[in-house]
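Numbering of residues begins at 1 and proceeds along the displayed sequence. Order of listing sets the numbers, starting from 1, for every ligand and every atom in it.
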Amino acid sequence: MQPSTRIRTLTGTEDDGWGLFIRARSMIAAGEEVLELTIGEHDIRTDPRILEAIFRSARDGHTGYAMVPGIPKLREAVAKRLRDRTGVPTTPDNILITPGGQAALFASHHAACDQGDRALFIDPYYATYPGTIRAVGAEAVPVQARPEDGFQPRQDVLMEAAQGARSLLINTPNNPTGVVYTPDTIAGIAEVAEAQDLWLISDEVYDTQVWDGHHISPRALPGMAERTLVVGSLSKSHAMTGSRLGWVAGPAEVIDRLITLATHTTYGVPGYIQDAGLYALSLGAEFEAEIGAPFRRRRDILNALLAGQQVIRAVPAQGAMYAMLDIRATGLTGEGFANALLDAEKIAVMPGESFGDAAAGHIRVALTLPDDAFAEAASRLIRFATARAATPAAE
Ligand SMILES: Cc1ncc(COP(=O)(O)O)c(C=O)c1O
């Protein structure tokens, strides 16, 4: 008996990029010491006070079905956060609480796209984007943001790709590039969305982790709130990846429809997780800055180490938890470099190619090891690249 075509073709033909990650994990399982700079997972665990909030809520009996749209206090807290951060009038009716940003991405595309619609996303992209779009029956269409443009999407390229499309998914601060979109980029994107009558799906899960520039939510631009769905999450901002707590923010009529979708899919988020999320948000911007600070420090460590060499070109890491490095001067592909580095130095990084064609010849370094271990891994990586560039024939 065959499963559906949709489920069989969800991951398409693109390399899902996890080959190297799986190889690194098997080496670790076999007892080898590997320095992992692969996935976007903090090197700290969820704060004990947030864990205590989970236990307290569960002990108080919040272990039954929770309200599907989200508990009112959390919807209000998220609405307030968006009002405070963007100035856009936002009420609980504009918010659906979801099991993480991933479920919010899925729900947003469900709201935006009909079967067969063209749904654009920017390449390089977060690994799940094309599959999430296909999961709602839409056609996943990458639009390249190129290294020579600093991985900022170009308005003319977007405008052309957007003819006849239904939605555009963007992500700033960006995974995998670490780039923060400029005010001009965001304004250009908004113009394209208006001109081509697109839903704009804005993935802002890294909005608290900005080191250079400012995070601008396109929902705050004139006329954009009615066509923008914002994806948010506490995974990155509060080191709560495993708690699966996120949201969609958008027009109340759309959120109303998405509550129906949630009723028929997730049936909401556990009440004790929502209570803990409410507590986590009450810790305020200071706590969010504390969670983000190590990534900024490691970005600075990496920049200092890169300053003395010519082989690796760094894409300016302006936010999120990643740095994208151009290793083309070594004569290797991103995949070739990542595999050779794993074999020679037992350091695991992600090949740029696993995030789309635009990041070919790059590697993504997650800033997710304690400072000393990170500095050690980065120095060895640079030494390795320098040696490879000096002996390209060895490949
Ligand atoms: C750009 C981006 N969007 C969404 C997500 C999903 O986050 P969540 O844990 O909230 O589902 C991630 C996770 O790495 C991400 O990098």
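Side chains of Thr368 and Glu41: no donor on one and acceptor on the other come within 3.5 Å. A side-chain N or O of Thr128 and one of Gln102 form a donor-acceptor pair less than 3.5 Å apart.
Set against the non-hydrogen atoms of Ser235, the atoms of ligand 1 under 4.0 Å away are 8 (P), 9 (O), 10 (O). The ligand atoms of ligand 1 that sit less than 4.0 angstrom from a heavy atom of Arg244 are 8 (P), 9 (O), 11 (O). Under a 4.0 Å criterion applied to the non-hydrogen atoms of Asn171, ligand 1 contributes the atoms 1 (C). Of all atoms in ligand 1, listed by their number and element, those nearer than 4.0 Å to a heavy atom of Gly100 are 10 (O), 11 (O). Close approach of ligand 1 to Lys236 is summarised as follows: ligand atoms under 4.0 Å from at least one heavy atom of the residue are 13 (C), 14 (O).
Scanning the protein heavy atoms around atom 4 (C) of ligand 1, the nearest turns out to be Asp203 OD2, 3.4 Å.
With a 6.0 Å radius and a threshold of 12 heavy atoms from other residues, nucleotides or ligands, Ile7 has its CD1 atom at or below the threshold. For CG of Asp84, the number of neighbouring non-hydrogen atoms (other residues, nucleotides, ligands) closer than 6.0 Å is greater than 12. The number of heavy-atom neighbours closer than 6.0 Å to CD of Glu32, taken from other residues, nucleotides and ligands shown, is above 12. Surrounding CZ of Arg380 are more than 12 heavy atoms belonging to other residues, nucleotides or ligands, all under 6.0 Å away.
For the pair Gln102 and ligand 1, the shortest N or O to N or O distance falls below 3.5 Å. Taking any N or O of Val205, backbone or side chain, none lies under 3.5 Å from an N or O belonging to ligand 1. When only interatomic distances are considered, the shortest N/O to N/O separation between Thr241 and ligand 1 does not fall below 3.5 Å. For ligand 1, the polar-atom distance check finds no N/O of Tyr322 at less than 3.5 Å from any of the ligand's N/O atoms. Any N or O atom pair closer than 3.5 Å counts here, and Tyr206 shares at least one such pair with ligand 1.
Side-chain rings of Tyr206 and Tyr322 approach one another, their centers coming within less than 6.0 Å.
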TODO: Assess whether side-chain contact (heavy atoms from CB on, under 4.5 Å) is satisfied between Tyr126 and Asn174, documenting all intermediate values.
DONE: CA-CA 8 Å; Tyr126 171 53; Asn174 187 265; over 6 Å; no
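Between the choices Phe106, Tyr125, Tyr126, the shortest heavy-atom distance to atom 13 (C) of ligand 1 belongs to Tyr126.
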